[in-house]
Each structure stands twice: as C-alpha cells, then as structure tokens.
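Scroll down for the structure; my scribbles are underneath it.
Keep in mind that what you see is a predicted model, and the values were worked out from it rather than measured.
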Amino acid sequence: MYGLFRPRVLGAWRVPATGPVIYAVNHSHNVDGPMVMGVAPRPTHFLIKKEAFIGPLDPFLLGIGQLKVDRSTADRTAITQALGVLENGGVLGIFPEGTRGEGDFAALRAGLAYFAVRGGAPIVPVAVLGSSDRPGRLIKALPPLRSRVDVVFGDPFDAGDGSGRRTRKALDEATERIQKQLTAHLENARRLTGR
C-alpha cells in the first residue's frame, strides 16, 4: 500500500497489542480492505465475499488468511472460521455494512454484534477516508496512484452490555450501541483529517 499510495495512519497505537480484536471498517471502495491489511499494526483476517475469490486471487487470499463468505446464506463455515480467529487471539476484519456503499455506517448488519458478543472481542472502529474521492487516471477502479488515503483507528469498545446474553434482543441492542460508536468515530475521523 505504501508503494502505490500515500497512506496516513492515525491512532494505530489504540489497537490492543494482544488478544482477540475486531476491526469494524467503513467500506466505500475496493481498496479499503487491502489498505487496512497493509497498514494495520496486527495481521488481519477479513471476511470477504466469495465472489472476490476468483482466478489467481483465490489461492492468494486464502494463503494470506482471508475468509471466504457466502453472503446469500448463513455461512456456517465462515462463521466457524471467524470465531476461530478470535478464539486464537487474532484480529478479524469486518465491513459491518455488508457491502460497499457510502461508507458511513448508516445500515449495519447484525454480524458484527454477533461476532463481538460471541467472541468476547473488543471492536476497534476503523475509518478509511479518501479512497473513493476520485478515480485514478491509469486504473479507474483504484484511487490515483500516490494519492493520500487516511486510515484512522479509534478506541476499542465492548459491544455487549456485560450480561453475556446472546439473545436476539441483546444482539439488536449491541448493534445500536455499535452504530452510535462507529458513527461518532467516523465524524471524529473526518474532523481530524479534514475530509
């Protein structure tokens, strides 16, 4: 990432050095996941849609520890693998909106709350800003080469209410808490970076 773009990484010191962690990353461009993987202080295992695992990308993504997920169903294999990452004290990367969009955390899916509560892992909000400002001249699907992309890590927080409950109501309440935290982090990241 540092060879192609000019990432500015803020708050990486906030990421816990050990133990399970979930990065909740906004998603407005294809490069957001690779950017976080390239600049994060710890190796990251992202849940990535199975459609991305095509051709030579399939063995490459699997080889670097990324997790293939079928978004059309409750993918038990992907769920088990993701929980395994957390059980082993690793970092799980999730795009809580489920798909690329405005990257504003406006519509969260319940998956993030499930993994945070079930895996007992703190969530670190991550804002990637500048990746979708304008297309590149050479490769339209990427930001311009050597352009500035900001990656802002926030303070870790727990999604659960401390009760350990995993009911539908508890997960819905956790999702609400998560959305407030992520939205506040994104606003703060925009202020901090001027984007």
Side-chain angles (χ1 to χ4, degrees), residues 1-2 4-5 7 9 11-101 103 105 108-128 131 149 151-160 166 171 174-175 178 181-182 185:
M1 289 296 110
Y2 286 99
L4 296 173
F5 308 104
V9 182
W13 56 270
R14 293 182 168 114
V15 176
T18 60
V21 173
I22 298 173
Y23 292 154
V25 184
N26 68 323
H27 195 24
S28 60
H29 197 283
N30 283 334
V31 80
D32 295 340
M35 182 63 69
V36 172
M37 282 187 269
V39 303
R42 293 177 60 187
T44 308
H45 305 272
F46 267 95
L47 280 168
I48 301 173
K49 64 182 179 181
K50 72 175 185 178
E51 294 84 0
F53 290 76
I54 54 170
L57 274 180
D58 183 45
F60 173 74
L61 290 172
L62 293 172
I64 62 171
Q66 304 316 302
L67 310 174
K68 186 186 304 191
V69 63
D70 183 350
R71 297 179 302 168
S72 66
T73 182
D75 188 339
R76 295 201 182 282
T77 301
I79 292 169
T80 301
Q81 290 174 337
L83 289 172
V85 166
L86 297 174
E87 286 169 13
N88 291 325
V91 178
L92 180 64
I94 295 180
F95 300 112
E97 296 160 296
T99 186
R100 211 171 42 254
F105 296 122
L108 299 190
R109 294 184 170 198
L112 175 57
Y114 174 80
F115 287 118
V117 172
R118 175 86 195 282
I123 295 171
V124 172
V126 183
V128 180
S131 61
V149 178
V151 181
V152 185
F153 293 87
D155 290 318
F157 66 92
D158 290 320
R166 292 188 236 169
L171 291 178
T175 299
I178 291 168
Q181 291 273 4
L182 297 183
H185 171 67

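Considering CD1 of Ile178 and NE2 of His185, their distance stands at 14.0 Å, rounded to 0.5 Å. Taken from CD1 in Ile48 to CD1 in Ile94, the straight-line distance is 12.0 Å, to the nearest 0.5 Å. Atom CZ of residue Phe46 and atom CD1 of residue Ile64 lie 10.5 Å apart, to the nearest 0.5 angstrom. Between atom CG of residue Asp70 and atom CD of residue Glu51 there is a gap of 7.0 Å, rounded to the nearest 0.5 Å.
Put simply, the side chain of Leu92 reaches to within 4.5 Å of the side chain of Leu67, judged on heavy atoms. Using a 4.5 Å heavy-atom cutoff, the side chains of Phe95 and Leu47 are not in contact. At a threshold of 4.5 Å between non-hydrogen side-chain atoms, the residues Pro125 and Gln181 do not count as touching. By the 4.5 Å heavy-atom criterion applied to side chains, Leu182 and Pro96 are counted as neighbours. For the pair Leu112/Ile123, a side-chain contact is recorded, criterion being any heavy-atom separation below 4.5 Å from C-beta on. Side chains of Met37 and Gln66 form a contact here, defined as non-hydrogen atoms less than 4.5 Å apart.
Between Phe115 and Ile22 the shortest heavy-atom distance is C-CD1, 3.7 Å. Smallest separation of non-hydrogen atoms from Met35 and Pro7: SD-CB, 3.8 Å. The nearest pair of heavy atoms linking Gly120 to Pro20 is O-CG, 4.5 Å. Contact detail for Pro41 and Ala12: the closest heavy-atom pair is CG-O, 3.7 Å. In terms of heavy atoms, Phe153 sits closest to Gly11 at CB-O, 3.3 Å. When all heavy atoms of Val21 and Arg42 are compared, the pair lying nearest together is CG2-NH1, 3.4 Å.
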Between Val91 and Val124, is the side-chain contact (heavy atoms from CB on, under 4.5 Å) condition met? List the steps.
CA-CA 10 Å; Val91 178; Val124 172; over 6 Å; no
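With salt bridges taken as basic N to acidic carboxylate O contacts below 4.0 Å, none links Lys68 and Asp75.
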